[in-house]
Structure formats: structure tokens, C-alpha cells
Amino acid sequence: MVSAVLASSLARRNIHYGWVVVAATFLTMLVTAGAMGAPGVLIKPLQDEFGWETSQISSALAIRLLLFGFMGPFAAAFMNYFGVRKVIVFALALIGSGFIGSLFMTKLWHLLALWGIVVGFGTGLTAMVLAATVSTRWFVKHRGLVVGMLSASSATGQLVFLPLMAELTERYGWRATVFFVCAMIMAAALLVLLFMRDRPSDVNLPLLGEAHVAPAPARTTLGTALMTPITTLREISTTSTFWILFATFFICGLSTNGLIQTHFVTLCGDFGIVPVAAASVLAVMGIFDFFGTIGSGWLSDRFDNRWLLFWYYGLRGLSLLYLPFSDFSFYGLSIFAIFYGLDWIATVPPTVKIAADRFGREKAGLVFGWVFAGHQLGAATAAYGAGLSRTELSSYLPAFFVAGAFCLLASILAITLKKSGLTNPAPAVAH
């Protein structure tokens with residue numbers, strides 16, 4: 001196999017094959033995040049063509065965000081049972097079919113079914129749980145850095161493709177953007193088939209940072225695999241650590257992709273800023289987020305993750321409270337893009353580290369899956385709530401004040417976590 005030959009060649013150069021897996025995962029999350037971000041530039045064109053209101057379109061996006069989150073724990077179980085590679089390829093096929101189907105939609109329920117349910121399921125299988133699973137399966141050393149890199153790919157993908165998609169939409173219509181998304185998905189699927197492997201033992205390697213090859217765990221039945229997320233939730237729900245992480249990540253989703261990714265382009269349009277320019281501001285956020293999140297991963301390997309979360313949520317809250325007073329000028333939006341962008345998804349590496357430290361490596365993906373469900377519940381709340389605010393109050397700004405205030409609350413919740421130490425709600429959770 002290509003992977004076995006490449007792994008052997010890299011090993012002779014003292015390079016671990018895990019970095020190839022990270023590259024394949026990075027591309028997958030970049031592309032699927034781009035697909036997640038695409039509707040942000042398509043709200044206005046859909047309104048113009050079909051006459052749908054912002055709140056109606058936001059309903060489909062809220063369904064997608066909910067499924068994106070609540071698929072997380074089950075995505076981890078599917079990866080444990082079927083393997084990471086098969087799950088990723090299936091997910092990319094599902095996302096592609098949802099976008100291709102949307103080329104022929106004529107009614108609102110078509111949008112709800114395709115962009116809400118089909119794309120929601122597909123993207124849910126490649127959510128942040130994928131980053132947590134890959135980092136904990138392949139790395140002991142540099143784990144925080146890997147989580148930071150993969151988290152950055154997800155956030156960056158949501159933002160950096162937007163100017164190109166906005167340009168395509170403006171020049172050739174929203175269907176051109178759909179074709180572009182599908183082409184990216186096909187390219188990612190091909191590379192995953194060639195290079196992705198499930199575990200280090202598949203290429204006869206130990207985890208990076210360990211000395212011995214660890215055999216893959218015994219495979220359970222499909223029924224057991226599907227029940228594992230439920231039993232894990234029952235076990236971890238007895239701990240305050242889980243609920244604090246869940247609450248703070250709810251606020252994380254409320255203040256990021258549910259609000260900014262979904263509605264920022266339309267918000268800027270309300271202040272006379274054309275879609276391409278607004279999408280360019282989001283791209284600047286994506287660039288700063290790339291460095292901010294990788295930096296967060298590096299910091300999470302070295303400092304108390306509770307205090308990192310305190311600063312991240314606090315600074316994000318202040319930036320959101322500042323935005324309505326920026327006058328949406330070039331200078332004001334530039335300041336917002338830099339400070340908010342550095343913090344866009346920097347909360348992920350510390351949260352994954354805390355989950356792995358408190359609940360054990362093997363359960364980290366499942367635990368983070370449930371925490372991430374809280375993130376997307378918050379995102380769905382913001383996606384629909386901000387759209388409703390604009391429909392009923394003719395303004396998005398109340399949603400930004402609410403999100404900023406909740407971020408300040410999250411910063412306080414983060415420091416109430418107990419100091420690092422393995423949590424043991426039940427023997428099955430901690431290893």
C-alpha cells in the first residue's frame with residue numbers, strides 16, 4: 001500500500017507517519033469547513049431567487065448546526081467501529097450529495113432536507129471530534145499542537161474560502177459556488193483514500209512519543225459501538241467538569257460559527273458593505289485564527305488550560321461587544337478581525353486537553369463529542385436567534401450584545417474547573 005511504503009520511507013528519515021495523517025485530516029477539515037461556511041454568502045442570493053426570509057433560511061442552517069454537533073459522539077463511535085478512513089470518505093460523499101441536490105431545489109423544505117439534514121449529518125461526521133480522535137490516537141508528544149493545527153484548519157476553512165465563493169456567487173450565481181464546493185470535496189476524498197490510516201499500528205508504528213507499538217483495541221459489535229456514546233454520557237454527566245466544559249462550549253458556538261460565520265456577511269450588507277468585501281474581512285479573521293489556534297495548541301501543552309480558556313472567552317466577549325461601536329469602517333472592522341480572529345477557535349485545544357486529562361485518552365473522542373454537541377447547540381441557537389432578531393427587530397446587533405455578555409460568563413466558568421487530575425465517574429471512563 002502507498003501508506004506502508006511512505007511510512008517506511010519517512011521512518012528512515014525519522015519522520016513519523018502521524019504527520020501525514022495530520023495533513024490528510026487537515027485537508028478534510030479545511031474542505032468540510034469550507035462547505036459549512038458556504039451558506040454564509042448564499043443567504044441573500046437565495047432570498048432574491050426564491051423569496052425566502054432570513055429566518056426561514058436560518059432554520060435550515062440551525063438544523064445543520066445541530067446535527068453537526070449531535071453527530072459528534074456517534075461519529076467517534078463510528079470511527080472506533082468502522083475506522084476513521086471509511087467514515088471520512090462516507091461523510092464527504094454525503095456532503096457532496098447534499099450540495100449537488102441543492103442545485104435542483106425549488107421549495108423551502110428541499111433546503112431544510114438537503115442543507116439542514118444531509119449536509120448536517122455529513123459535516124457532523126468530520127467535526128472537531130475527528131481532530132480529537134486523530135490527535136489522541138497518533139500522538140502523545142505534541143498532542144496539543146496537533147489539536148491546534150487541526151482546529152485551525154476547521155476555522156480557517158470556514159473563513160478563507162468565503163471571498164472566492166462570494167466572487168463566484170456575484171459573477172456567476174450561487175450554483176457556481178456549489179460546484180466549487182463539490183470539486184473541493186472530491187479532491188479531499190481522493191487524498192484520504194490514498195493516505196489516511198486508522199491507527200499507528202496499521203503501519204507498524206507506536207504513537208509519537210511512545211516506544212512500543214500498541215495493538216488496536218478489540219472490535220466490539222455495532223450495537224455496542226452505538227450504545228457507547230449513551231453509556232459514556234451517563235457516566236460523565238455525574239461530573240461538574242463535563243457540565244462546565246459543555247456550558248462554555250455552548251457559549252463558544254453561540255459566539256462563533258452560529259453568529260459570525262452564518263450572519264456576518266448579511267450584517268455587513270445592512271451597513272452598505274458588499275458581500276466580497278465582507279467575506280474578505282472573514283478571510284482576514286481566518287488567517288489570524290490559523291496562527292492563534294496553533295499558538296493556543298502550543299500554549300495548552302505548557303500552561304494551565306483553565307486560565308487559557310479564561311482569557312480566550314474574556315477577550316472574545318470584549319471584541320463582540322466592541323463590534324456594534326466600530327461604525328463598520330475599514331479601520332474598525334480591521335481591529336475586530338484581528339482580535340476576534342486570533343480567538344476564533346482557540347478554545348478547542350485547551351478543551352480537548354482538559355477532556356483527555358480528566359477522562360482518559362481512549363474516551364477523549366467520545367467525551368469531546370458530547371462537549372462539542374453543546375458547541376453546536378449554541379451555534380444553532382445563534383444561527384436562528386440572530387436571523388429572528390433581524391426579521392423581527394430589523395437588526396442583528398442585539399444578538400452580538402447577548403453573545404458578548406455570554407462570553408464573559410464563560411470566562412468565569414472556566415476558572416471554576418478543578419485543577420488537572422483524572423476524573424473517575426466510573427471505571428469505564430478513566431484509563
Side-chain angles (χ1 to χ4, degrees), residues 128-129 131-132 134-136 139-152 154-155 207-209 236 238-256 288-320 339-372 374-375 378 404 406-425 429-431:
M128 287 296 176
V129 175
V134 168
S135 63
T136 54
F139 295 85
V140 174
K141 187 179 180 182
H142 305 309
R143 183 181 295 163
L145 177 62
V146 170
V147 174
M149 292 171 63
L150 296 180
S151 303
S154 179
L207 279 73
L208 182 57
I236 64 178
T238 62
T239 69
S240 60
T241 297
F242 168 72
W243 288 112
I244 291 172
L245 292 178
F246 186 92
T248 54
F249 239 44
F250 175 93
I251 295 170
C252 183
L254 186 81
S255 56
T256 54
F288 278 94
D289 164 75
F290 183 81
F291 295 103
T293 306
I294 291 176
S296 174
W298 184 86
L299 290 170
S300 70
D301 284 328
R302 291 162 174 80
F303 297 100
D304 189 332
N305 289 276
R306 301 171 306 152
W307 285 101
L308 292 179
L309 290 177
F310 170 82
W311 285 108
Y312 295 160
Y313 283 117
L315 292 172
R316 183 189 299 173
L318 293 175
S319 66
L320 286 170
F339 282 96
Y340 183 87
L342 285 170
D343 195 18
W344 170 267
I345 206 164
T347 53
V348 174
T351 303
V352 172
K353 286 278 289 183
I354 291 172
D357 290 343
R358 307 299 171 86
F359 298 104
R361 187 174 71 197
E362 282 299 318
K363 292 289 184 181
L366 286 167
V367 173
F368 183 71
W370 283 115
V371 172
F372 188 70
H375 184 281
F406 268 102
C407 284
L408 298 181
L409 173 62
S411 70
I412 296 171
L413 285 174
I415 58 173
T416 65
L417 284 164
K418 295 178 182 178
K419 287 189 176 182
S420 181
L422 201 63
T423 299
N424 189 16
V429 175
H431 294 269

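What's counted below: heavy atoms across the whole structure, side chains too, no hydrogens, waters or symmetry copies.
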Just verifying a value: how many Å separate [X] [atom1] and [Y] [atom2], rounded to the nearest 0.5 Å?
X      : Y      : atom1 : atom2 : answer
Ile294 : Asp289 : CD1   : CG    : 9.0 Å
Asn305 : Thr347 : CG    : OG1   : 11.5 Å
Tyr312 : Thr351 : OH    : OG1   : 10.0 Å

For Ala410, all residues meeting side chain to side chain contact (heavy atoms under 4.5 Å, CB included), sequence neighbours excluded: Thr248, Ile251, Tyr313
Carboxylate-amine/guanidinium proximity below 4.0 Å for Asp301 and Lys141: no
Phe310 and Trp307 aromatic ring geometry - parallel, tilted or perpendicular at 30°/60° bounds: perpendicular
With a 4.5 Å limit on heavy-atom distance, are the side chains of [X] and [Y] in contact?
X      : Y      : answer
Leu145 : Phe139 : no
Val147 : Ser300 : no
Ser319 : Asp343 : no
Ile354 : Leu309 : yes
Thr256 : His375 : yes

Quick one: closest heavy-atom pair of [X] and [Y], and the distance?
X      : Y      : value
Gly314 : Ser411 : N-CB, 3.6 Å
Ile412 : Ile415 : O-CG1, 3.2 Å
Ala346 : Thr293 : N-OG1, 3.9 Å
Leu408 : Gly317 : CD2-CA, 4.4 Å

CA sep, side-chain torsions, deciding dist, call: Thr136, Phe368, side chain to side chain contact (heavy atoms under 4.5 Å, CB included): CA-CA 11 Å; Thr136 54; Phe368 183 71; over 6 Å; no
Derivation and outcome, side chain to side chain contact (heavy atoms under 4.5 Å, CB included), residues Phe246 and Trp370: CA-CA 8 Å; Phe246 186 92; Trp370 283 115; 5.5 Å; no
Neighbour count >12 (heavy atoms, 6.0 Å) for atom CZ, Phe406: no
Working for side chain to side chain contact (heavy atoms under 4.5 Å, CB included), residues Thr241 and Phe359: CA-CA 10 Å; Thr241 297; Phe359 298 104; 4.1 Å; yes
Step-by-step side chain to side chain contact (heavy atoms under 4.5 Å, CB included) determination, Arg316 to Tyr340: CA-CA 6 Å; Arg316 183 189 299 173; Tyr340 183 87; 3.8 Å; yes
Sole residue of Leu245, Asp304, Leu308 in side-chain contact (heavy atoms from CB on, under 4.5 Å) with Pro350: Leu308
